[in-house]
Amino acid sequence: VQLVESGGGLVQPGGSLKLSCAASGFAFDSYQMAWVRQAPGKGLEWVSFISSSGYTTTYGDAVKGRFTISRDNAKNMLFLQMNDLRPEDTAVYYCAKAREINLVIQNMDQIDIGRRGQGTQVTVSA
């Protein structure tokens, strides 16, 4: 399993970023995928999930209405479009897959967090 995130950076409040995650080494189109984040001094927090087909998405309350998760199964890619960014969105963002094929992600317990990517830093600051 290899997951490589990119697209992070420094952005002003109200700005936008699009994160990407390139997946390899597993049947990407058979797994639900997730974005999780870790803010400085805090634990991991799930941000969003997406079904294997891409038709069903779930968002945490903190990002609902501002972030959009999507995937391209033909290219084994996962994305996170982040709009109206706030200082509290500052974190390292990771992509991760579900623990098992066809497993429905409902919370962190179903996420294969130990095999997440290396992360990409997002800093929101004026």
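Counting from 1, the numbers follow the sequence of the chain as shown. Computed from a prediction, not measured in an experiment: that's the story for all the values here.
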Which distance, rounded to the nearest 0.5 Å, do you find between the [atom1] of [X] and the [atom2] of [Y]?
X    : Y    : atom1 : atom2 : result
Q106 : I111 : CD    : CD1   : 11.0 Å
C21  : R71  : SG    : CZ    : 10.0 Å
S52  : I101 : OG    : CD1   : 9.0 Å
S30  : K97  : OG    : NZ    : 11.0 Å

* Test log, rule side-chain contact (heavy atoms from CB on, under 4.5 Å), inputs S6 and T120 -> CA-CA 6 Å; S6 61; T120 186; 5.5 Å; no

* Tell me the ring-ring contact (aromatic ring centres under 6.0 Å, His included) pairs involving residues 37-64, sequence neighbours left out? -> W46-F49

Heavy-atom side-chain contact between [X] and [Y] under 4.5 Å:
X    : Y   : value
V122 : L17 : yes
M77  : S20 : yes
I50  : L78 : yes
R116 : L44 : yes
S24  : Q2  : yes
Q12  : L85 : no

* Backbone N or O of A74 within a donor-acceptor pair of the D29 side chain at under 3.5 Å? ->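 Judged by distance alone, no pair lies under 3.5 Å.
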
* **Q110 side chain vs I105 backbone, donor-acceptor pair below 3.5 Å** =>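 Looks like no, no N/O pair under 3.5 Å.
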
* Within 45° of the six-membered ring axis of F79 and under 6.0 Å from that ring's centre, is NZ or CZ of K18 located there? ->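 Yes, K18 and F79 form such a contact.
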
* Quick one: do the S51 and S53 side chains pair a donor with an acceptor below 3.5 Å? ->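 Yes - a donor-acceptor pair under 3.5 Å links their side chains.
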
* Quick one: do the Q81 and N83 side chains pair a donor with an acceptor below 3.5 Å? -> yes

* Asked: Of all residues at least two apart in sequence or in a different chain, which pass the salt bridge (charged side-chain N to carboxylate O under 4.0 Å, His left out) check with R99?
  ->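 Counting only residues at least two positions away or on another chain, R99 forms no salt bridge (charged side-chain N to carboxylate O under 4.0 Å, His left out).
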
* With sequence neighbours excluded, what pairs up with D109 under the salt bridge (charged side-chain N to carboxylate O under 4.0 Å, His left out) test? -> none

Determine the minimum heavy-atom distance between [X] and [Y], stating which atoms define it.
X    : Y    : answer
M108 : V36  : SD-CG1, 3.8 Å
D112 : A96  : O-CB, 4.2 Å
L3   : Q118 : O-OE1, 3.6 Å
N73  : F28  : OD1-CE2, 3.1 Å
A126 : P13  : N-CD, 3.6 Å

* Y94 with V47, same ILVMFWY side-chain cluster at under 4.5 Å ->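 Different clusters.
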
* If Ile, Leu, Val, Met, Phe, Trp and Tyr residues are connected whenever their side-chain heavy atoms lie under 4.5 Å apart, and connections chain through other members, are I113 and M33 in the same group? ->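 Unlinked, I113 and M33 end up in two clusters.
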
* Residues that Y31 engages under ring pair (Phe, Tyr, Trp, His ring centres under 6.0 Å), provided they are two or more places apart -> F26

* Walk me through it: do L80 and T68 pass the test side-chain contact (heavy atoms from CB on, under 4.5 Å)? => CA-CA 6 Å; L80 186 68; T68 302; over 6 Å; no

* **Worked check of side-chain contact (heavy atoms from CB on, under 4.5 Å) between T90 and Q121** => CA-CA 8 Å; T90 294; Q121 175 72 47; 4.0 Å; yes

* **Pairs touching residues 32-41 that satisfy side-chain hydrogen bond (donor to acceptor under 3.5 Å, both in side chains), sequence neighbours left out** =>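 Matches after skipping sequence neighbours: R37-E45, R37-D89, R37-Y93.
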
* Show your reasoning for whether side-chain contact (heavy atoms from CB on, under 4.5 Å) applies to R66 and M82. => CA-CA 6 Å; R66 299 186 297 121; M82 305 186 296; over 6 Å; no

* side chain to side chain contact (heavy atoms under 4.5 Å, CB included) against A39, all qualifying residues, sequence neighbours excluded ->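 Side chain to side chain contact (heavy atoms under 4.5 Å, CB included) list for A39, sorted by chain: K42, A91.
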
